[in-house]
Amino acid sequence: MKRTVLILFAAVAGLLAPVARADYQPKAEQVVDNVYAIVGPLGQRSADNDGLNANFGFIVTPGGVILIDSGASRLGAEKIAAAIGKVTDQPVRWVINTGSQDHRWLGNDYFAGNGAEIIALARTAATQSEYAAQHMDAMKRFLGERMQGTKPLPAPKSLAGDSVVLELGGETLMLVYTDAHFPGDAWVWLPRRSVIFSGDLVFVDRMLGVLPWSSVKNGQKAFRALAELKPAHIVPGHGRVCDLAQAQRESGDYYDFLAEKVGAAAREMEPMDATLDRYADLPEFRQLENYDGLHRANMNRAFTEFESQ
Ligand SMILES: [Zn+2]
C-alpha cells in the first residue's frame with residue numbers, strides 16, 4: 001500500500017515537472033549574530049543543484065541584506081533568495097562577488113532586477129566579462145534548459161584599489177584580492193564579527209582545485225595573510241563553515257606542499273613525472289573529497305607555474 005502511494009506520488013510529481021527536476025534547496029545557517037552561510041554540496045554542478053555546489057553567505061542589516069555571491073543561474077539565484085527569505089523579510093540591497101567563476105556571479109542579473117546593487121573589485125568584474133561566454137556555455141552543458149533566463153551581468157559597480165573598505169547598512173566589510181583560484185578573486189572580511197568569506201581561496205572537506213588559470217603562489221601568499229587576521233569563523237568557498245585550524249590543515253598546508261615540494265622540484269628542473277609520482281599518495285590529504293580526481297592535476301599545474309618562474 002505504502003509503495004503504491006509512493007509510486008503514484010512520483011508519477012504525479014513527474015507530470016507537474018516538465019523541465020528537469022531540481023529538488024535541491026539551499027538552506028541558511030547562522031554563523032554568528034546577523035551573519036549566515038549557505039553551504040552547498042561538495043560534488044559537481046548539476047541540474048538538480050542548479051550549479052549551487054559552492055558556498056554563499058549573507059548579512060542581515062537594518063538597511064537590507066548584503067549577499068555574498070549570487071549563484072550560477074537565474075533559477076539558482078531564486079533558490080538563494082528563497083533561503084534568505086526563510087531568515088528575514090529584508091530585501092537583498094547589495095550583492096558582493098568574491099570571484100568570476102560561474103557560481104559566484106551568474107545570478108547577478110536576477111538580484112539586480114530586484115533592486116540590488118552589484119559590487120566587486122575591478123579585476124574581479126573584468127575577469128567576469130572575460131570568462132562570461134565560456135562559463136555560460138559550460139553551465140548550459142551541466143544544467144541544460146534550467147539555464148534559461150540567465151544573463152551574465154559583470155558587477156556594474158567595480159571598485160578600484162587592492163583592498164576596499166565598504167560600509168553597507170551599518171556593517172563594515174573589507175574586500176581584498178586573493179588572486180588564487182581565478183585572477184581577481186577576493187575575500188570579504190567582517191572585522192567586527194571576526195568572520196571571513198574566503199571565496200575560492202579556502203576549500204575544506206574537499207580537495208581544492210588548481211585550474212589552468214589558478215595561482216598556487218598567490219594562494220599560498222593569500223592564505224598566510226588570511227591566517228594573520230585570525231578569523232574566528234571561516235566560510236570557505238566550498239565545504240562546511242570552519243575554524244582557522246581546519247582551513248590551515250586542508251587548504252593552507254596544501255598550498256605550502258604545492259609551493260614548497262612540487263614548486264621547489266620544478267625550480268630545480270627535476271623531471272615532472274618523477275616528482276608527481278613521489279607525492280602521489282599524501283595521507284594527510286587523502287580523506288578529502290575529490291582527492292583522487294584532483295591531486296595529480298593540481299601538482300601538474302603547480303609544477304608548470306613554478307617551472308616558468
Ligand atoms: Zn568554486
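This one's a predicted model, so the numbers in the text were calculated from it and none came from an experiment. We count ligands from 1, going down the list as the structure has it; atoms in each ligand are counted the same way. Each residue takes its place number in the sequence, starting with 1.
Relative orientation of the F223 and Y255 rings is tilted, given thresholds of 30° and 60° on the angle between their planes.
Only one option out of N97, T124, D69, D185 pairs with R104 in a side chain to side chain donor-acceptor pair (under 3.5 Å); it is D69.
Within the 2.8 Å limit, H181 places no N, O or S atom next to the Zn ion (ligand 1). Coordination check, N53 versus the Zn ion (ligand 1): failed, since every N/O/S atom of the residue sits at 2.8 Å or beyond.
Two residues are said to be in side-chain contact when any heavy atoms from C-beta on lie closer than 4.5 Å; Q128 and H135 fail this criterion.
Side-chain contact, H103 with N53: a donor N or O sits under 3.5 Å from an acceptor N or O.
Rounded to 10 degrees, the OE1-metal-OD2 angle spanning Q101 and D200 at the Zn ion (ligand 1) equals 70°.
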